[in-house]
Amino acid sequence: MDDSFSWHQPVQLRFGTGAASAVARELGEDGAVLLTLEGPAGHRLGHAFAEALGSRLLALIQVRPGLASLAQGRALAAAVWPLLRARPKAVLLGVGGGSVMDLAKLLRCRPLDQDFDALQQAVRGQAYWPEQQIHRLWLVPTTSGTGSELTRWDTLWDTEATVWTKRSLDEPFGWAERAFVDPDLTVGCPPAVMRDCALDAFSHALESLWNRRRSPLSAALAVRAARRLRDALPQAWRGPLTPALRQALSLGALEAGLAFSQTRTALAHALSYAVTLEQGLSHGHAVALWLPAVWRLAQGRDPALDTLLCGVFDTATAEDGARALDEWLASLEVSADPHRCGIADAEARIVQALGSERGRNFVGNPDPRHGVQDAPVAARAAAKQTAGMA
């Protein structure tokens, strides 16, 4: 692999215990519109930020739990955009998990005529982006997982389409201005949410390793992240979730976020979205379901990648690493066999996903230009073997 690479990471980052307290110190007098999740945790965080910001808090707006959708964005825009229009220098402050941050990224894009339909058409790829003001965006994650605070892209579900469809923003204005990653904000996160968010972060690390955009710097971050999460997550799952473990999970998610902010995701993510829709599995669990299969499809195709994969679980071979991954997921009570999850067509799904945009990022894809339609027969055989071994 060519060692030359580029790197762009414009998000100003604060990490560590108490990092969230810097929001109030650094905000200035321009004010903030706070977007956070409904429910007890959101209420607690909203109260804390309201107390810290005082009169500079222009509004506290709560987001329903669940998948971030365009329909949700439309409803929230009616409340958020008039405030931002009146105070154009105000910060849109997204405090929560991936859905809150994804919606905040959408809402910072305010058409000058405040026509949400024009914005929705652009997200759907049906029209050019309207003339808009890109508002200031600060993100504060409350889970250790999505990496949204450090990436330029945004995932939104189009629940008003005939068939629910995942829409993705991938624009230069997707980067937040600042991110504040504070492990203390994960206190109170339900165990299953904690686990699945950390699985998402672990998948970001692996997906950035078996990625055609991998660089020496992203690979170093990804291996560090995977190893950190490898050690911390089983302990956190068994409990108790100590401050040291929260710190490790948050730092691992941060390192994975930095890595995949440069590479994007790959085949396991391409396979995950349908499972989330079909079975209601969380995103982290749906991605983890495919990790052993994709690992086995990746191994043996790139000696440098095999070495990196060996480093994740300290194994002699990449195949030993795949078995270690099986055991690690089992220790977290996560099934990684698509067949046991009711997926009878795993082989066909892998072959199809190799032809997707994310599948073409995968280093094991034999022909990234044309997809699997023109790939060698050997690729289909490898996909079939992989699907049966997970």
Side-chain angles (χ1 to χ4, degrees), residues 67 145 155 157 163-166 192 195-211 226 229-230 233-234 237 265-301 305 309 312-313 318-366 371-373 375 377-390:
L67 297 174
T155 296
W157 291 90
V163 177
W164 281 22
T165 305
K166 187 188 72 64
R195 178 198 64 186
D196 292 357
C197 287
L199 286 173
D200 191 20
F202 187 79
S203 76
H204 293 155
L206 295 188
E207 292 267 86
S208 65
L209 287 177
W210 51 55
N211 201 297
L229 295 165
R230 175 202 73 184
L233 183 52
W237 180 241
T265 52
L267 183 59
H269 275 73
L271 289 159
S272 73
Y273 300 118
V275 178
T276 292
L277 285 180
E278 294 165 0
Q279 303 194 16
L281 285 184
S282 73
H283 173 64
H285 194 162
V287 177
L289 171 67
W290 296 100
L291 289 179
V294 177
W295 180 306
R296 290 185 167 96
L297 192 58
Q299 68 190 29
R301 297 180 180 274
L305 173 58
L309 293 176
V312 172
F313 287 102
E319 174 55 33
D320 290 340
R323 286 190 285 270
L325 175 58
D326 291 334
E327 295 169 3
W328 185 77
L329 290 171
S331 75
L332 298 168
E333 301 176 59
V334 172
S335 173
D337 184 344
H339 291 86
R340 290 183 181 177
C341 290
I343 298 173
D345 58 343
E347 173 199 346
R349 291 188 187 215
I350 290 173
V351 171
Q352 181 179 21
L354 282 167
S356 70
E357 181 180 355
R358 286 172 175 79
R360 289 190 290 272
N361 289 341
F362 178 55
V363 74
N365 192 320
V372 290
Q373 296 93 328
V377 174
R380 292 180 180 272
K384 183 176 182 179
Q385 180 186 23
T386 300
M389 293 178 67

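We use all heavy atoms of the structure for the numbers below, so side chains are in, but hydrogens, waters and symmetry mates are not.
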Note to self: Any carboxylate oxygen within less than 4.0 angstrom of a Lys/Arg side-chain nitrogen, looking at R323 and D320?
What the structure shows: yes
Search all heavy atoms of [X] against all heavy atoms of [Y] and return the closest pair with its distance.
X: L305; Y: L209; answer: CD1-O, 3.4 Å
X: R301; Y: G364; answer: CD-CA, 3.3 Å
X: L332; Y: P234; answer: CD2-CA, 3.8 Å
X: L289; Y: S335; answer: CD1-O, 3.7 Å
X: Q299; Y: A322; answer: OE1-CB, 4.1 Å
X: D196; Y: S282; answer: OD2-OG, 2.7 Å

Spacing of [atom1] belonging to [X] relative to [atom2] belonging to [Y], to within rounding of 0.5 Å:
X: L309; Y: E319; atom1: CG; atom2: CD; value: 11.0 Å
X: K166; Y: T276; atom1: NZ; atom2: OG1; value: 10.5 Å
X: C341; Y: H285; atom1: SG; atom2: NE2; value: 5.5 Å
X: L206; Y: N211; atom1: CG; atom2: CG; value: 11.5 Å
X: L325; Y: R230; atom1: CG; atom2: CZ; value: 12.0 Å
X: N365; Y: S356; atom1: CG; atom2: OG; value: 8.5 Å

Pairwise side-chain contact, [X] with [Y], heavy-atom cut-off 4.5 Å (strictly under):
X: L199; Y: V287; value: no
X: W328; Y: L233; value: yes
X: L267; Y: W290; value: no
X: L297; Y: W210; value: no
X: V312; Y: F202; value: yes
X: H269; Y: D200; value: yes

Using side-chain hydrogen bond (donor to acceptor under 3.5 Å, both in side chains) as the criterion, list what pairs up with [X], not counting sequence neighbours.
X: Q279; value: none
X: D345; value: R349
X: E333; value: W237

Check: Would you call the rings of H283 and H204 parallel, tilted or perpendicular, where under 30° means parallel and over 60° means perpendicular?
Finding: tilted
Check: Taking the side chain from R360 and the backbone from G355, do they hold a donor-acceptor pair closer than 3.5 Å?
Finding: yes
Check: Considering residues, nucleotides and ligands other than E357, do more than 12 of their heavy atoms fall under 6.0 Å from its CD?
Finding: no
